[in-house]
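As structure tokens, the structure follows; a few thoughts come after it.
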Amino acid sequence: MNKCTILAIETSCDDSSIAILKDNKIINNVIWSSAEIQNEYGGVVPEIAAREHAKNIMKALRQACKDIDISEIDYIAYTNEPGLRVSLNVGEALATSLSILMNKPLIPVNHIYAHLFSFIYDNHQAIQYPMLGLVISGGHTSIFKINSPTNIQIINETKDDAVGEVFDKISRTLELGYPGGPKIDKLFDINKTTIKFLNLKPKPSDNFSFSGLKTKVLNFINQAKMKKNKIDKQVIASSFQKEIIDIVVDKIIYYLDKYQIDGLAIGGGVAANSYLESKLKSLNIKLYMPKDKVLCGDNAAMIAIYAGLLVN
Ligand code: KG4
Ligand code: ZN
């Protein structure tokens with residue numbers, strides 16, 4: 001990527017984030033999360049997310065810009081899709097205003113493609129296309145065939161829940177807190193994976209579907225609560241984590257074989273999962289993933305990084 005300074009804005013869900021990427025180095029990547037507030041409502045409420053963005057975005061902007069001279073900024077990038085419309089509008093309004101006031105080009109960025117390419121920051125591996133791509137987060141669970149940064153085909157996506165959403169739901173029912181992924185992951189112990197929730201493993205060629213597994217785990221917990229049985233949270237959390245991640249990895253293996261590809265890029269909040277990482281590493285493929293886990297979840301630096309690929 002050529003030398004330039006990009007200011008990027010991400011407001012697609014419940015994180016208000018602004019980043020500065022200067023000559024391929026992240027100067028600041030400020031993230032204001034409204035997850036705590038959303039948690040009180042049991043999930044993300046679009047109007048509340050938009051209100052929190054409006055409240056936090058200028059603070060994030062000031063913090064992000066504190067270490068640069070704003071006249072250095074060459075481009076304004078922002079997430080234009082997909083996401084909650086009312087939340088996206090806040091970022092788009094700010095990006096458009098800055099672009100007009102500063103007379104700098106505007107770069108709309110697809111949030112999913114930014115997740116896929118977040119690995120490219122500080123990457124020293126040789127990159128080989130085509131590769132598979134997995135976006136696994138609270139809102140998405142999709143597999144792509146990546147032919148180049150601008151030629152990306154979707155090949156599988158969830159018909160119902162996203163993996164992160166299921167982690168959050170199970171965690172809430174186990175009273176472990178929110179966001180659920182990191183809480184469950186922290187409890188994970190492969191020696192405690194003694195429960196099998198699904199009788200049948202899904203076929204790798206089918207579209208992802210996680211609502212069946214979610215229901216089985218929730219029923220298991222709720223029945224144990226009703227019968228006043230002792231609940232071993234670590235056994236349930238570990239067994240669930242193993243079962244859901246094994247489904248994802250089986251599908252990856254299926255597509256690597258189908259397309260005769262030996263590389264996989266991975267992004268999204270669940271990409272930080274320890275069991276997923278260890279399973280993917282054991283496949284002996286070229287694994288492209290962000291070194292810094294902050295780049296896995298929603299953040300504006302990934303928007304700047306992908307914008308950098310578009311302008312060069
Ligand atoms: O990408 P992200 O920050 O926001 C969305 O676009 O959804 O992902 C957030 C999701 C949450 O569901 C959270 O529970 C999950 O990522 N997550 C994890 C882990 N860290 C975050 N899930 C499993 N294991 C983790 N270590
Ligand atoms: Zn995301």
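Counting starts at 1 for both ligands and their atoms, in listed order.
The side-chain heavy atoms of Asp292 and Ile26, taken from C-beta on, include no pair separated by under 4.5 Å. Side-chain contact between Ser205 and Asn156: absent, with no pair of heavy atoms (C-beta onward) separated by less than 4.5 Å. Using a 4.5 Å cut-off on side-chain heavy atoms (C-beta onward), Ile143 and Phe208 make contact. Counting heavy atoms from C-beta on, the side chains of Leu106 and Thr96 come closer than 4.5 Å. For the pair Pro130/Tyr259, no side-chain contact is recorded, criterion being any heavy-atom separation below 4.5 Å from C-beta on.
The nearest heavy-atom contact from the protein to atom 24 (N) of ligand 1 is Asn273 ND2, 3.0 Å. The closest protein non-hydrogen atom to atom 26 (N) of ligand 1 is Asp185 OD2, 3.0 Å. At the shortest separation from atom 22 (N) of ligand 1 among protein heavy atoms lies Gly181 CA, 3.2 Å.
Atoms of ligand 1 lying under 4.0 Å from any heavy atom of Gly139, numbered from 1 in the order shown and given with element: 7 (O). Every atom of ligand 1 with a heavy atom of Ser137 under 4.0 Å away is listed here by number and element: 1 (O), 5 (C), 6 (O), 7 (O), 8 (O). Per-residue contacts place Ala272 under 4.0 angstrom from the following atoms of ligand 1 (heavy atoms of the residue considered): 26 (N).
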_Trace of the side-chain contact (heavy atoms from CB on, under 4.5 Å) decision for Ser17 with Asp298_ = CA-CA 8 Å; Ser17 180; Asp298 286 352; over 6 Å; no
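With respect to the salt-bridge test (charged N to carboxylate O, under 4.0 angstrom), the residues Lys169 and Glu165 do not qualify. Here Asp262 pairs with Lys286 in a salt bridge; the nearest charged N to carboxylate O distance falls below 4.0 Å. Using a cutoff of 4.0 Å between basic side-chain nitrogens and carboxylate oxygens, Glu175 and Lys225 are scored as salt-bridged. Salt-bridge formation is detected for the pair Lys279/Asp246: a Lys NZ or Arg NE/NH1/NH2 atom is positioned less than 4.0 Å from an Asp or Glu carboxylate oxygen.
Looking at Asp168, its side chain does come within 3.5 Å of a backbone N or O of Gly180 through a donor-acceptor pair.
Listed by chain and residue number, the protein N/O/S atoms under 2.8 Å of the Zn ion (ligand 2) are His111 NE2, His115 NE2, Asp298 OD1, with waters left out.
For a threshold of 3.5 Å applied to N or O pairs, the pair formed by Gly138 and ligand 1 contains at least one separation below that value. Remark: ligand 1 and Asp168 share an N or O pair separated by less than 3.5 Å (distance only, no angle test). Checked against a 3.5 angstrom limit, the closest N/O atoms of Gly269 and ligand 1 fall inside it. For a threshold of 3.5 Å applied to N or O pairs, the pair formed by Gly164 and ligand 1 contains at least one separation below that value. Note: an N/O pair closer than 3.5 Å links Asp298 and ligand 1 by distance alone.
Contacts between Val270 and ligand 1 below 4.0 angstrom, taking non-hydrogen atoms only, involve backbone and side chain alike. Contact annotation for His115 and ligand 1: only side-chain heavy atoms (C-beta onward) come within less than 4.0 Å of the ligand.
The aromatic rings of Tyr129 and Phe117 sit tilted, their planes meeting at an angle between 30° and 60°.
Taking a 4.0 Å cut-off on heavy atoms, Cys13 fails to register as neighbouring ligand 1.
Under the ring-ring contact (aromatic ring centres under 6.0 Å, His included) criterion, the residue pairs touching residues 78-114 are His111-His115, with sequence neighbours excluded.
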